[in-house]
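Counting convention: from 1, in listed order, for ligands and their atoms alike. These figures come from a predicted structure and were not determined experimentally.
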Amino acid sequence: MNTYFSLRLSGLLLLTALLAGACHSAKSTRVDYTQPDATRDKKIRWQSKRTYTFEGSGVAVSNQFAGARLNDFRRENDSTFTALIKPENAPINNSAWYAFKIWGPQPKAVTVNLVYQDGSHRYHPKISRDGRGWQALPAAAYQADTAQHVAQMRLDIGPDTLWVAGQEIFGARDFQRELAPFLALPFVRQRAIGESKQGRAIFKMDIGEEKEPRRLVAIISRQHPPEVTGTYALLGFLRTICGESDLARQFRREFGVVAIPLMNPDGVAEGHWRHNTGGIDLNRDWLYFNQPETRVARDEFLKIKANPAQQLFMFLDFHSTQRDIFYTMKPELETVPPHFSEQWLAEIQRRLPDYQVRERASGTKSPVSKSWFYLTFGVPSVTFEIGDDTPRESVDRLARVAAEVMMEQLLDYVAGSE
Ligand SMILES: [Zn+2]
């Protein structure tokens, strides 16, 4: 720990206790998701949207933009401030998202303490001068004590807005921009299939040469708002499937892909840590479907089930967590194609010898998307998790190889079974 921060962090601990109430740790309350009402609406604590200004200090801070999360901002002295960050409700998974803009009339260095309620510091700060290009705040300007819930950063502010956030801010507009090149392709279609709780459109993409493909792969992502690295993997995966390789062309003749890239548009816009605006973790609502976002997705995918001319072959759900990991189904749960995810992961590992493929298999108890897809379709169902801090170029490489191997192995499987 460098001297600058070691002097400051001790004082900050007291401050944390004062601001956040007694030291809350992330609550360990277990929710019984087998109960039908476990995913019924819970109360949200809305953040008040405002711009904080401090006379004499020349510092202004705002959360008045999509994706922002800042619950309070206080001045300690003219160059030190404390940001209070709370989740949308609790108990909640500790995905302690924060995002704000900060500026001032003169160039100036300020210290900002991050203090949390109902959670603790998780994300290394990212900064941006335009809200689009992002970089990690240099390590020398940042110190965190996750056990004590706090972090501190030194920011160089000035008349130009500085964006500060837990990860790169990547919301509905960014999806539109990044997906636009795909949507311009003749074999990609996009359609609104329903609405979120706050009335935002939920979009589905169809990729494939056939209007009504016989064989399909289903993909969803961004049930959890801060999980931006999962979105990067999704984009790399789709880019490979939409690419110009012979493999991708052949795959698109034989298979269709149905993707819902942004499952929780409200949570992303509201800067939520985890939940939709019903206050619910959407990836625990795949049993009773109490939330509109999961119902929209379920109803769309059930059309495949209802169509005797169509068959689903694989399901993928992109997320982020502490490190890259594939959550698969236990091997004794038989799938069609058989043993597909084992073979897929083994081949990814073979092609990336300097990369460690991690896998954890589970059953169907937890009402997450992959359980529902397995129980409904009997297909290999995988939660594709990318680490919060995985280098972005390594996300791209993994996504590309994962897509290539999936396309090859699915094509081999149908060639061998006909
Ligand atoms: Zn997640």
Side-chain angles (χ1 to χ4, degrees), residues 26-27 30-31 33 38-39 67 69 87-99 118-120 122-124 165-172 174-175 196 202 218-237 259-287 291 293-294 297-298 315-329 358-362 364-374 381-390 392 395 398-399 402:
K27 293 211 176 93
R30 300 285 292 194
V31 180
Y33 286 109
T39 58
R69 169 88 1 198
E88 56 275 19
N89 59 11
I92 194 163
N93 175 284
N94 190 44
S95 309
W97 175 255
Y98 55 90
D118 293 317
S120 61
R122 168 164 167 182
Y123 298 110
H124 183 122
Q167 295 283 31
E168 302 89 327
I169 296 175
F170 196 103
D174 305 286
F175 271 103
S196 67
I202 295 176
I219 294 176
I220 66 170
S221 90
R222 217 56 188 281
Q223 295 195 78
H224 297 144
E227 298 184 0
V228 173
T229 58
T231 291
Y232 291 157
L234 168 84
L235 293 172
F237 201 87
I260 303 178
L262 178 51
M263 281 285 300
N264 186 0
D266 296 349
V268 169
E270 297 291 343
H272 281 187
W273 287 19
R274 182 81 169 181
H275 300 158
N276 71 342
T277 53
I280 296 301
D281 183 340
L282 292 179
N283 205 26
R284 299 293 181 274
D285 188 37
W286 290 82
L287 181 56
Q291 298 301 317
E293 294 85 355
T294 35
R298 174 199 62 186
F315 168 69
L316 289 169
D317 183 2
F318 288 84
H319 287 256
S320 308
T321 188
Q322 271 76 13
R323 57 185 194 164
D324 296 7
I325 186 165
F326 294 88
Y327 291 116
T328 57
M329 307 308 298
R358 292 187 202 88
E359 181 193 359
R360 192 177 309 150
S362 62
T364 57
K365 243 184 173 165
S366 181
V368 298
S369 61
K370 80 175 170 83
S371 300
W372 183 78
F373 272 88
Y374 175 74
S381 301
V382 178
T383 310
F384 193 141
E385 299 263 8
I386 300 292
D388 297 334
D389 299 320
T390 302
R392 296 345 185 204
V395 177
L398 174 64

Restricting to N/O/S, name the atom of [X] that gets closest to the Zn ion (ligand 1).
X	value
H224	ND1
E227	OE1
H319	ND1

Worksheet entry | Worked verdict on Y232 versus F170 for side chain to side chain contact (heavy atoms under 4.5 Å, CB included) | CA-CA 10 Å; Y232 291 157; F170 196 103; 4.0 Å; yes

Hits for side-chain hydrogen bond (donor to acceptor under 3.5 Å, both in side chains) against Q167, two or more places apart or cross-chain, chain-then-number order -> K126, R392

Heavy atoms of P87 and D118 approach each other most closely as CG-CB, 3.7 Å

Side chain to side chain contact (heavy atoms under 4.5 Å, CB included) involving S366 - partner list, sequence neighbours excluded
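In terms of side chain to side chain contact (heavy atoms under 4.5 Å, CB included), with neighbours along the sequence ignored, S366 is linked to R284, V368.
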
